[in-house]
Enquirer: 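For reference, the structure I am asking about is given below.
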Amino acid sequence: MSNVRVRFAPSPTGYLHVGGARTALFNWLFARHHGGTFILRIEDTDRTRSTEEAIDQIKESLNWLTLDWDEYYRQTDRLERHREIAEELLSKGAAYESEGAVWFRAPRSGITAVEDLILGRVEFSNSEFKDFVILRSDRTPTYNFACVVDDHDMGMTHVIRGDEHLNNTPKQLWIYEALGWDPPSFAHIPLILGPDRTKLSKRHGAVSVLEYRRRGFLPEALVNFLARLGWSHGDQEIFTREELIRYFDLNGVRSAAAVFDEAKLLWLNHEWLRRTDPGRLADLLAEYIVQEGVATEEEVRALGKERLVRAAELLRERNKTLVDMAHAARFLFPGELPVPEGAEKFLVPEIATPLEEIAAALEGLYEFTPQAVEECIREKLAELGLRLKDVAQPIRVAASGRTVGPGLFDLLTLAGKELVVERLRAASRRLRGDVK
RNA sequence: GUCCCCGUCGUCUAGCGGUCUAGGAUCCCGGUCUUUCAAGCCGGAGGCGGGGGUUCGAAUCCCCCCGGGGACACCA
């Protein structure tokens, strides 16, 4: 099957949602796996609902997911062709005109069988159907008609689409037959459901692909997750793009609908955050820090790439999204830090002196590395007769504004001597003043 | 309502007549490690929708029921 030609044919009436993205992904993987051609065709024949913004969003979404297309078409560019074929159907008597629209004459009896690659043979009783419009009174083609003409003209070998189109297939098959054309193979993939088990839609919350980007998901995580919704390869859960291309095929696709489980997506995203190249992750982290208003672009730049990379490496261990990482990076930048919920118990008056002493000791350090910082703090603690356990959390809260985070010495090193010393002293001062 | 599709742990899934006292992942709950929290590691809870068949033998095949979903436009 080296001449495989498939397409993703969205209607530009809104953003690309994850269900559509999954259909695009399956088509793309099928094409890439077989060394075929992946086509993006915008089905914009409904002029009242189609928008340019939607087309841009769809392209941007596919680009973000790195689902590149080899050919691109817009259905409305082919109106003349659609009308021409409608005429042909008219002259053949397969269609007729009524009330200004062109109607296709549906068979009144018999059965139509769809040989689906995933579902197997599905039979429909022709009496279930009625004649249907192929050309509206404004001379624009309707879905079932334009779809057939384009799929034929564009040489599609397989039509891989959502389950909701299964009932349309008989109608399309009749049109192929009336025109004397060979239909492509069909593969209807199961729907993606929301937690309530109804077709996933906006009322289920975030469903737009770009929304997942905004929320700090990595495209490889979303792709990996979407691929595993309805498709599997043994027990493997994590797939690189190359593995997906190598293993993907229609025989691994299930026929049952799947629920979109965000908890698992989160887990996968964490896995991918930890597998991603640190340099790239650092750049992404910088973007999200600005996006989330954690720091300004200038402040991020002032931090320098090297520290950003180190921050990304440490922060990705304990955060599941880039957005979470960005917020966890707050302490890298100047400014007052919050006292997190539940941290009051660490900031007790008795700790004021140790904090001050440790700040002074750290200030004298020439080399501010994790090893040096640890040595310095442990030395000071021995001197004070305290254990690390006694001061670790107070220091962490004072220096980072959080009760959880990277290992203490890594955290202090990352924040830098200046900020750490300043914050430990500020905390110490505050504790003395707060003695009440 | 009619037609169509589907039905294994809460969720994603493996299973394609015996190797299943049903495996993995996620989630949840313990334990371990520890300067926090994660991660890691160890352990636990949790499922073949129901009923009939077929067969020496059924999660796997057939039928019925039940349940869920989708489609029924001059939208795609």
Side-chain angles (χ1 to χ4, degrees), chain A residues 9-13 20 43-46 48-50 75 98-103 114 116 118-120 122-125 127-130 132-147 161-170 188 190-193 195-199 225 227-238 251-252 254-268 270-271 274 314-320 328 342-343 346 374 377-378 381 387-397 400 402-412:
Chain A
S11 62
T13 52
E43 309 228 323
D44 54 350
T45 55
D46 181 349
T48 55
R49 298 202 307 151
S50 301
Q75 214 153 43
S98 173
E99 288 174 44
V102 178
W103 297 71
V114 177
D116 191 275
I118 294 170
L119 267 19
V122 182
E123 294 187 348
F124 294 86
S125 182
S127 59
E128 291 297 325
F129 300 88
K130 297 176 291 188
F132 56 95
V133 170
I134 56 176
L135 222 53
R136 302 183 183 96
S137 31
D138 69 355
R139 312 307 285 171
T140 58
T142 58
Y143 168 71
N144 284 122
F145 180 57
C147 180
R161 77 222 313 191
D163 218 349
E164 74 265 31
H165 288 295
L166 183 58
N167 295 294
N168 283 318
T169 314
H188 289 91
L191 262 23
I192 294 182
L193 274 25
D196 63 353
R197 304 208 69 96
T198 62
K199 189 157 82 164
F225 178 72
R228 280 288 287 98
L229 234 40
W231 174 83
S232 62
H233 179 73
D235 281 340
Q236 191 170 339
E237 294 287 350
I238 296 174
N251 55 29
R254 268 171 70 89
S255 45
V259 173
F260 191 98
D261 177 19
E262 204 164 287
K264 190 154 184 178
L265 206 209
L266 240 12
W267 166 75
L268 257 180
H270 188 208
E271 290 295 322
R274 306 206 300 165
L314 290 173
L315 263 21
R316 68 175 168 186
E317 294 299 324
R318 293 165 174 77
N319 293 103
K320 294 184 175 179
F346 298 122
E374 173 163 10
I377 290 181
R378 286 195 189 277
L381 287 176
R387 294 166 309 171
L388 181 57
K389 213 181 177 89
D390 302 323
V391 298
Q393 282 303 79
I395 293 177
R396 172 186 298 283
V397 169
S400 75
R402 293 195 158 210
T403 55
V404 304
L408 186 62
F409 309 116
D410 282 326
L411 178 147
L412 295 178

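Order of the sequence lines fixes the chain letters, A, B, ..., with proteins taken first and strands second; residue numbering starts at 1 for each chain.
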Enquirer: Under 3.5 Å, is there a donor-acceptor pair between the side chain of A:Arg396 and the main chain of A:Pro406?
Expert: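 Confirmed, A:Arg396 side chain pairs with A:Pro406 backbone.
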
Enquirer: Classify the nucleic acid contact of A:Leu408 as base, sugar-phosphate or nothing, counting any heavy atom under 4.0 Å across all strands shown.
Expert: base

Enquirer: When the P atoms of B:U55 and B:C12 are considered, how many whole Å apart are they?
Expert: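 Per the computed distance, 36 Å lies between those P atoms.
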
Enquirer: Provide, to the nearest angstrom, the distance between the CG atom belonging to A:Asp116 and the C1' atom belonging to B:C6.
Expert: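 Atom CG in A:Asp116 sits about 13 Å away from atom C1' in B:C6.
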
Enquirer: In this structure, how many angstroms lie between the C1' atom of B:G69 and the CG atom of A:Leu191, rounded?
Expert: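 A:Leu191 atom CG is separated from B:G69 atom C1' by 8 Å.
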
Enquirer: Is a side-chain donor or acceptor of A:Gln393 paired with a backbone partner of A:Thr403 at a separation under 3.5 angstrom?
Expert: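 Looks like yes, one N/O pair under 3.5 Å.
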
Enquirer: Check every strand shown and say whether A:Arg49 touches a base, only sugar-phosphate, or nothing at a heavy-atom separation below 4.0 Å.
Expert: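 Result for A:Arg49 = base.
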
Enquirer: I'd like the P distance from B:C48 over to B:C41, given in whole Å.
Expert: 29 Å

Enquirer: Measure from the side-chain heavy atoms of A:Phe124 and tell me the nearest of B:U26, B:C4, B:G69.
Expert: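 Between B:U26, B:C4, B:G69, the one nearest the side chain of A:Phe124 would be B:C4.
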
Enquirer: What does B:A71 pair with, Watson-Crick or G-U, if both distances are under 3.5 Å?
Expert: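 Paired with B:A71, as far as the under-3.5 Å criterion goes, is B:U2.
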
Enquirer: Under 4.0 Å between any heavy atoms, over every strand shown, what does A:Pro406 touch: base, sugar-phosphate, or nothing? Just pick one.
Expert: base

Enquirer: Would you say A:Lys320 reaches B:C37's phosphate, i.e. side-chain N/O to OP1/OP2 under 4.0 Å?
Expert: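 For A:Lys320, the contact criterion (side-chain N or O under 4.0 Å from OP1 or OP2 of B:C37) is not met.
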
Enquirer: Within less than 4.0 Å of OP1 or OP2 of B:C5, is there a side-chain N or O belonging to A:Ser255?
Expert: no

Enquirer: How close or far is atom P of B:A14 from atom CG of A:Asn251, stated in whole angstroms?
Expert: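 Spelled out: CG on A:Asn251 to P on B:A14 is 11 Å.
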
Enquirer: Centroid-to-centroid, A:Phe145 to A:Phe132, below 6.0 Å?
Expert: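 No, the ring of A:Phe145 stays outside the 6.0 Å limit from the ring of A:Phe132, centre to centre.
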
Enquirer: Do A:Ser137 side-chain and B:C74 base share a donor-acceptor contact under 3.5 Å?
Expert: yes

Enquirer: Would you please confirm or rule out a distance under 4.0 Å between OP1 or OP2 of B:A38 and any side-chain N or O of A:Arg316?
Expert: no

Enquirer: Looking only at the side chains, is there a donor atom on one of A:His188 and A:Thr169 sitting less than 3.5 Å from an acceptor on the other?
Expert: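 Yes, side-chain donor-acceptor contact under 3.5 Å.
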
Enquirer: Indicate, with a heavy-atom threshold strictly under 4.0 Å, whether A:Glu99 touches base, sugar-phosphate, or nothing.
Expert: base

Enquirer: Which whole number of Å gives the distance between the C1' atom of B:A59 and that of B:G47?
Expert: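 Nearest-Å result for B:A59 against B:G47 at atom C1': 10 Å.
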
Enquirer: Considering Watson-Crick and G-U wobble pairs with both distances under 3.5 Å, what does B:G40 pair with?
Expert: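 With both distances under 3.5 Å, B:G40 matches B:U32.
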
Enquirer: Using atom P in both nucleotides, what's the gap between B:U19 and B:G53 to the nearest angstrom?
Expert: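 It comes out at 23 Å once rounded to the nearest Å.
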
Enquirer: Please give me the minimum heavy-atom distance between A:Arg254 and A:Ile118, naming the atom from each residue.
Expert: O-CG2, 3.8 Å

Enquirer: Classify the nucleic acid contact of A:Leu119 as base, sugar-phosphate or nothing, counting any heavy atom under 4.0 Å across all strands shown.
Expert: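 The answer is sugar-phosphate, as A:Leu119 gets under 4.0 Å only of primed atoms, P, OP1 or OP2.
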
Enquirer: Using the P atom in both, what is the distance from B:G18 to B:A76, to the nearest Å?
Expert: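 It works out to 48 Å between them.
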
Enquirer: Looking at every heavy atom in both A:Ala256 and A:Pro190, which two are closest together, and how far apart are they?
Expert: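 Distance-wise, the nearest heavy atoms are O-CB, 3.2 Å.
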
Enquirer: Mind calculating the distance between CZ (A:Arg396) and P (B:U34) to the nearest angstrom?
Expert: 16 Å

Enquirer: More 5' along RNA chain B: A:Val259 or A:Ser11, using each one's nearest nucleotide?
Expert: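 By nearest-heavy-atom nucleotide position, the 5'-most residue is A:Val259.
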
Enquirer: Which pair of heavy atoms, one from A:Ala257 and one from A:Arg197, lies closest together, and at what distance?
Expert: O-NH2, 4.5 Å

Enquirer: Classify A:Ala101 by what it touches in the nucleic acid, base, sugar-phosphate, or nothing, heavy-atom distance under 4.0 Å.
Expert: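 Base, at least one base heavy atom under 4.0 Å.
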
Enquirer: Tell whether A:Asn168 reaches the base of B:A76 with its side chain through a donor-acceptor pair below 3.5 angstrom.
Expert: yes

Enquirer: Using the side-chain heavy atoms of A:Ala256, tell me which of these nucleotides is nearest: B:C74, B:A39, B:G7.
Expert: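 Taking heavy atoms from C-beta onward, the closest nucleotide is B:G7.
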
Enquirer: When all nucleic acid strands are considered with a 4.0 Å heavy-atom cut-off, which category describes A:His188: base, sugar-phosphate, or nothing?
Expert: nothing

Enquirer: When we call it a touch if two heavy atoms are under 4.0 Å apart, what does A:Phe260 touch: a base, just sugar-phosphate, or nothing?
Expert: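 A:Phe260: no heavy atom of the nucleic acid under 4.0 Å.
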
Enquirer: Mind checking the P distance from B:G24 to B:G67? Whole angstroms is fine.
Expert: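 It works out to 33 Å between them.
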
Enquirer: Please report the distance separating the P of B:G23 from the corresponding atom of B:C9, rounded so that it comes out in whole Å.
Expert: 14 Å

Enquirer: Give the rounded distance in Å between these two atoms: CD of A:Glu271 and P of B:A39.
Expert: 10 Å

Enquirer: Any donor and acceptor pair, going by atom type alone, linking the side chain of A:Ser400 with main-chain N or O of A:Arg402 inside 3.5 Å?
Expert: yes

Enquirer: Assess whether atom CD of A:Glu123 is packed by more than 12 heavy atoms of other residues, nucleotides or ligands within 6.0 Å.
Expert: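 It does: A:Glu123 CD has more than 12 such atoms within range.
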
Enquirer: With sugar-phosphate meaning primed atoms plus P, OP1 and OP2, does A:Gly407 contact a base, only sugar-phosphate, or nothing at under 4.0 Å between heavy atoms?
Expert: base

Enquirer: A:Leu166 has an atom CG; how far is it from atom C1' of B:C4, in whole Å?
Expert: 6 Å

Enquirer: By the 4.0 Å heavy-atom rule, please label A:Arg274 as base, sugar-phosphate, or nothing.
Expert: sugar-phosphate

Enquirer: Could you give the distance separating B:C74 and B:G69 at their P atoms, to the nearest angstrom?
Expert: 26 Å

Enquirer: Measure CD/A:Glu262 against C1'/B:U26 and give the value in whole Å, please.
Expert: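 The distance from CD of A:Glu262 to C1' of B:U26 comes to 13 Å, rounded to the nearest Å.
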
Enquirer: Partner of B:C66 by Watson-Crick or G-U wobble geometry, both contacts under 3.5 Å, or none?
Expert: B:G7

Enquirer: Which atom names give the shortest non-hydrogen contact between A:Ser50 and A:Asp44, and what distance separates them?
Expert: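 Looking at all heavy atoms of both residues, the shortest contact is OG-CA, 3.4 Å.
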
Enquirer: Can we say A:Asp390 and A:Arg387 salt-bridge, meaning some charged N sits less than 4.0 Å from an Asp/Glu carboxylate O?
Expert: yes

Enquirer: Heavy-atom nearest nucleotide on RNA chain B for A:Arg197 versus A:Ala9: which residue maps closer to 5'?
Expert: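 Closest to the 5' end, via its nearest nucleotide, is A:Arg197.
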
Enquirer: Give one of base, sugar-phosphate or nothing for A:Thr403, where a contact means two heavy atoms less than 4.0 Å apart.
Expert: base

Enquirer: Which part of the nucleic acid, if any, lies within reach of A:Thr45 when heavy atoms closer than 4.0 Å are counted: base, sugar-phosphate only, or nothing?
Expert: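 A:Thr45: backbone/sugar contact only, no base atoms under 4.0 Å.
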
Enquirer: To the nearest Å, how far apart are A:Ile192 CD1 and B:G68 C1'?
Expert: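 Whole-Å distance recorded here is 17 Å.
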
Enquirer: Taking 4.0 Å as the cut-off, does a side-chain nitrogen or oxygen of A:Arg254 come that near to OP1 or OP2 on B:U8?
Expert: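 Yes, because at least one side-chain N or O of A:Arg254 sits under 4.0 Å from OP1 or OP2 of B:U8.
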
Enquirer: Find every protein N or O atom lying less than 3.5 Å from an N or O atom of nucleotides 20-24 of chain B, and list the pairs.
Expert:
residue, atom, partner, partner atom, Å
B:G23, N2, A:Asp235, OD1, 2.8
B:G24, N2, A:Glu237, OE2, 2.8

